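Take a look at the structure below.
Note that this is a predicted model, so its numbers are computed, not measured. Numbered from 1 within each chain, the chains take letters A, B, ... in sequence-line order.
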Number of protein chains: 2
Amino acid sequence: MTSTPKDVSHLVGTLDTGTDQPPPDRARPHVGRRAVISREDLMAAALQLVGPHRSISTLSLREIARAAGIAPNSFYRHFRDVDELAVTLINQAGEALRQIIGEARTRAVAERSVVQSSIEAFMEQLRADQKYLHLLLREGTVGSDAFKGAVERQLCFFEEELCTDLQRLAVQRDTGIYRPEVVSRAITRLVFAMGAKAMDQPEEAHPEIIEQLVTMVRMIIIGTQTMAARPARDD
Amino acid sequence: MTSTPKDVSHLVGTLDTGTDQPPPDRARPHVGRRAVISREDLMAAALQLVGPHRSISTLSLREIARAAGIAPNSFYRHFRDVDELAVTLINQAGEALRQIIGEARTRAVAERSVVQSSIEAFMEQLRADQKYLHLLLREGTVGSDAFKGAVERQLCFFEEELCTDLQRLAVQRDTGIYRPEVVSRAITRLVFAMGAKAMDQPEEAHPEIIEQLVTMVRMIIIGTQTMAARPARDD
DNA sequence: GGCGTTATTATACATATGTATATATATTAG
DNA sequence: CTAATATATATACATATGTATAATAACGCC
């Protein structure tokens, strides 16, 4: 509800999530009663219900319908069940977030530390209480298979984008990089894990978490560079 | 149910979790009807219900009572609510797991790679389908505050034990270590995050995940050692 | 106006849940 | 045996859920 910096709630429904209903058939402009509510309204209502104490997988159909101001049965006009809505939301959340982080990353390429900038953009989303992050951070481990799969897929997208970015930077700065796909996966999972931790803590604790996260990522980067230089084994 | 290697189910109820009921007052050996069921039986019944598609926070009181073969109301004789049972289970799971991992770690000190041994012990637990790991891996982000707090607390214990171990090893092998508390936190979170990912994948995928995890941890270790040697900044 | 079409709602039902209250059962002390 | 006591169950109630069926309402078109 609060429109804090980098608000992305206006993006709800504007992204093609690849999970759409049959096409609205634009040839025939209209026939029959007009829909008073849209898929996007329902998704927004559901999103509004999730929070620190409510996960999407525990939302009931009636609850969402109530929040959207429609009769329970009207839900079925838009989604087959709550799970389908949840998967669609996850996809949107992933796309929106990747866009934001991607922007932060490219914007920071010339400027300060790429690591620091990306992480701060991420945590800023956290602070702004964007529900999107809740979805990706805390709901990847519970819920239906379809749901968990959707979250995992989005995480993999993050990994892939980060991976190409890391390789590009490695070439550009002529630093070596050992197994970039493992590096990007480690960084992604670490950021999401620490983000989930941060979400359960008061905002005063965030700076320290950010600082630790930056240090962790630096260790991984230096590690991969060192391993690229000398392929020794050590522990 | 299956008693695979390193079965820890016999530990149910044998550990003091610090969440116990009022003392049974051993002075007076008994008075009144004997309890046909124990707290531990209830916990075992609940544990038996969790699995890849069921998280503990979604178990209902009646469901657990049914699985334990008692009337719903009898539940209250042992726990105030499901949440209290869940927290107790989390504590037991954490203690049991720390013991197993700790053994693997100390046992491996003289032998091969400490990193590899610990991670393999961890993943072996996963493979053996010990429900304990389910609790710690996938349920830390949803559920009541008490529940999430309990999981977080157990994770912190893991971090602390790993931290002292890392410092001991650093001294012993005369390798530097930069900010060991951050290192141990990164490793812990990474292992748990990758473990959660592995749990949703077929067993054939586990070896690759293990290999990646080992590489990730090596990167962190080499990173912290390198940073201890030269406190430069890089990215 | 009426008609087809679509969206929405009303009502209803079977089922599940947490828990309050009352009752039954087993056990020990006297 | 009886009383006391701890434990377990039976019954019941208010409430919530998913969804089936039927009715209602708005829209474009003839």
With a 4.0 Å cutoff (strictly under), does any side-chain N or O of B:Ser74 reach OP1 or OP2 of D:dT7? no
Taking atom types as modelled, find out whether A:Asn91 and A:Thr88 have a side-chain donor-acceptor pair closer than 3.5 angstrom. no
What's the CG-C1' distance between A:Asn73 and D:dT24, to the nearest Å? 14 Å
Go through the steps to decide whether B:Arg185 and B:Cys156 satisfy the test side chain to side chain contact (heavy atoms under 4.5 Å, CB included), and finish with yes or no. CA-CA 8 Å; B:Arg185 170 160 286 175; B:Cys156 286; 4.2 Å; yes
Between B:Phe75 and A:Gly32, just flag the one whose closest nucleotide in DNA chain D comes earlier from the 5' side. B:Phe75
Against the side chain of A:Val36, the closest entry in D:dA8, C:dT8, C:dT9 is C:dT8
Is A:Arg179 salt-bridged to A:Glu181, cutoff N-O under 4.0 Å? yes
Considering only NZ, NE, NH1 and NH2 on the basic side and carboxylate oxygens on the acidic side, decide whether B:Glu139 and B:Lys148 come within less than 4.0 Å. no
Candidate nucleotides D:dG18, C:dT9, C:dA7, ranked by approach to the side chain of A:Arg77 - the nearest: C:dA7
Does any residue of residues 53-66 of chain A have a heavy atom under 4.0 Å from DNA chain C, and if so, which ones, in number order? A:Arg62
Check whether any side-chain N or O of A:His78 sits under 4.0 Å from OP1 or OP2 of C:dA7, and answer yes or no. no
Closest to side chain of A:Arg33, choosing from D:dT9, D:dA26, D:dA6: D:dA26
